[in-house]
Amino acid sequence: MENAYLDLGRKILKEGHVKEDRTGTGTKSIFGYQMRFDLSEGFPLLTTKRVPFGLIKSELLWFIKGDTNIRYLLEHNNHIWDEWAFERYIKSDDYQGPDMTDFGHRVLTDEAFKATYEEQHKLFCEKILTDRDFADKHGELGNIYGAQWRHWETKDGSFIDQLQNVIDMIKTTPDSRRLIVSAWNPEDVPTMALPPCHTMFQFYVNDGKLSCQLYQRSADVFLGVPFNIASYALLTHLIAHETGLQVGDFVHTLGDAHLYSNHIEQMEEQLSRTVRNAPKLILNQEKESVFDFEMDDISLEGYDPHPTIKAPIAV
């Protein structure tokens, strides 16, 4: 199952086009690629490097709650969205600290600046956790995933709960071809900290099994895609659990699939490793609704990966 992901890495290294990108880092990329994971064969969390499942759980539960503020994530020691909130903060009039311009690149080459950045970042996170007013203002990322999934605003000012609606449809009209949730709202894109990379997902019910297909417009293959695979696999399991179905396939369709130039060596190291057995997902069977699950209700059995491979994030 993991080989579907590793084959993507090999293809980009061999055939990828060298392109500039928004972050200024540079990439090798291909366009239009699809992977398929049979969720009945195990949970698709990569074993060729350790992928932190706790971060995947807390981020997905954050989406499901409709939350768009990083405070919940920080309360669960999840820092994967910090940089985007921090970037918005340092561009605001409220920030009076040292110059943080282009911090994502400068931390890689300037040790003195890195120490200053880490200090300012730590202060920012501490204030998000301890100052509710500050968190409300500077922890907010705009109408990103959670808002679109749970609170899509209509022209008349009402809201659509897409996630609840699709769950209801799976229960009542499972053969529908409209089992879709969209995160791409053109009206809100300009005000989002990061426009949705995973833009739309669709469910399909057959033979008592629930399958899910995700379309992802932009795919950071080394850092982001392993999270996306596991996150949507987990979402499929949760919704299958609520709707009384078994899990089928997770189909991952990618638009611009890219390796950043400073992830090439890391990908090569990962490809040199041997795939291990996929873990098993354990859900608290007492919880009935997707919206009832908390961190302790979700766990893995038999996860024995190779060590972590560190790589910088492009902001």
Side-chain angles (χ1 to χ4, degrees), residues 23 52-104 106-107 113-153 157 159-164 183-185 187-198 220 223-224 227-228 231 234-235 290-298 312-315:
T23 71
F53 187 57
L55 303 186
I56 292 165
K57 288 195 295 183
S58 57
E59 184 192 44
L60 179 62
L61 293 176
W62 181 59
F63 293 159
I64 289 172
K65 292 175 187 295
D67 200 347
T68 58
N69 193 294
I70 65 168
R71 183 184 175 94
Y72 173 87
L73 296 177
L74 294 183
E75 288 172 344
H76 292 86
N77 199 30
N78 186 334
H79 293 274
I80 60 179
W81 280 88
D82 289 6
E83 283 83 358
W84 284 278
F86 183 69
E87 183 179 37
R88 287 160 73 103
Y89 169 56
I90 64 173
K91 291 179 178 178
S92 74
D93 293 337
D94 292 343
Y95 179 70
Q96 301 296 321
D99 178 21
M100 289 286 115
T101 303
D102 197 25
F103 64 85
R106 290 167 66 192
V107 295
F113 174 77
K114 181 179 179 182
T116 302
Y117 161 76
E118 289 177 347
E119 179 183 10
Q120 292 301 315
H121 176 258
K122 181 179 179 181
L123 291 171
F124 171 72
C125 292
E126 288 174 349
K127 199 163 186 182
I128 291 288
L129 287 168
T130 58
D131 186 332
R132 174 65 74 172
D133 290 339
F134 182 85
D136 289 345
K137 185 173 184 180
H138 295 297
E140 184 59 46
L141 296 170
N143 290 334
I144 60 168
Y145 300 100
Q148 305 303 340
W149 288 16
R150 303 297 314 281
H151 311 292
W152 181 293
E153 187 170 6
F159 294 91
I160 299 171
D161 187 339
Q162 294 190 87
L163 191 58
Q164 181 65 69
W184 188 268
N185 185 338
E187 186 176 5
D188 286 341
V189 164
T191 60
M192 296 178 183
L194 180 68
C197 294
H198 30 113
D220 173 354
L223 285 182
F227 271 74
N228 304 137
S231 181
L234 176 56
L235 179 64
V290 168
F291 307 109
D292 293 340
F293 278 83
E294 299 294 344
M295 291 288 286
D296 291 343
D297 297 316
I298 304 166
I313 188 170
V315 180

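Atom OG1 of Thr68 is separated from atom CE of Met192 by 10.0 Å, given to the nearest 0.5 angstrom. Put simply, CG on Leu235 and CG on Leu61 are 10.0 Å apart, with the number rounded to the nearest 0.5 Å. To the nearest 0.5 Å, atoms CD1 (Ile80) and CD1 (Ile70) are separated by 11.0 Å. Taken from OG in Ser231 to CD1 in Ile56, the straight-line distance is 7.0 Å, to the nearest 0.5 Å. Taken to the nearest 0.5 Å, the SG atom of Cys197 stands 8.0 Å off from the CG atom of Asn228. Ile160 CD1 to Glu153 CD: the interatomic distance, rounded to the nearest 0.5 Å, is 10.5 Å.
The shortest distance between side-chain heavy atoms of Gln148 and Asn143 falls below 4.5 Å. Contact annotation: the side chain of Leu141 never approaches that of Leu194 to less than 4.5 Å [non-hydrogen atoms, C-beta and beyond]. Side-chain contact between Tyr117 and Arg106 is absent, with no heavy atoms from C-beta onward closer than 4.5 Å. For the pair Ile128/Asp82, no side-chain contact is recorded, criterion being any heavy-atom separation below 4.5 Å from C-beta on. Taking the side chain as every heavy atom from C-beta outward, Glu87 and Glu83 never approach each other to under 4.5 Å. Glu140 has its side chain out of reach of Asp136: every pair of non-hydrogen atoms, C-beta onward, lies at least 4.5 Å apart. The closest side-chain heavy-atom distance from Leu163 to Phe291 is below 4.5 Å. Leu234 places none of its side-chain heavy atoms less than 4.5 Å from the side chain of Phe293.
Nearest heavy atom pair, residue Phe227 against residue Pro52, reads CZ-CG, 3.7 Å. Between Pro196 and Ala183 the shortest heavy-atom distance is CG-O, 3.2 Å. Shown here for Trp184 and Pro195, the closest heavy-atom pair between the two residues is CZ3-CB, 3.9 Å. Annotation for Leu73 and Ser58: closest pair CD2-O, 3.9 Å, computed over non-hydrogen atoms. Contact between Phe113 and Asp99 at its shortest, heavy atoms only, is CE1-O, 3.4 Å. Shortest non-hydrogen contact noted between Ile298 and Lys57 is O-NZ, 2.7 Å.
Panel note: side chain Asn78, backbone Leu55; a donor-acceptor pair is recorded below 3.5 Å. Not a single donor-acceptor pair under 3.5 Å links the side chain of Lys127 to the backbone N or O of Phe134. With hydrogens and angles ignored, the 3.5 Å screen pairs no side-chain donor or acceptor of Trp81 with any backbone N or O of Asn69. When atom types are taken as modelled, the side chain of Thr130 and the backbone of Glu126 share a donor-acceptor pair closer than 3.5 angstrom. Of the possible donor and acceptor atoms, none in the side chain of Arg88 sits under 3.5 Å from a partner among the backbone N and O of His138. Checking side-chain atoms of Arg150 against main-chain N and O of Asp161 turns up no donor-acceptor pair under 3.5 Å.
Residues Arg71 and Glu75 are paired through a salt bridge, judged by an N-O separation under 4.0 Å between the basic side chain and the carboxylate.
Ring planes of His121 and His79: tilted class, angle from 30 to 60°. Between Phe86 and Phe103, the angle of the ring planes goes over 60°, which puts this pair in the perpendicular group of the 30/60° scheme.
Residue Lys65 places its NZ atom among more than 12 non-hydrogen atoms of other residues, nucleotides or ligands, all under 6.0 Å distant.
Between the side chains of Ser92 and Asp94, not a single donor N or O lies within less than 3.5 Å of an accepting N or O.
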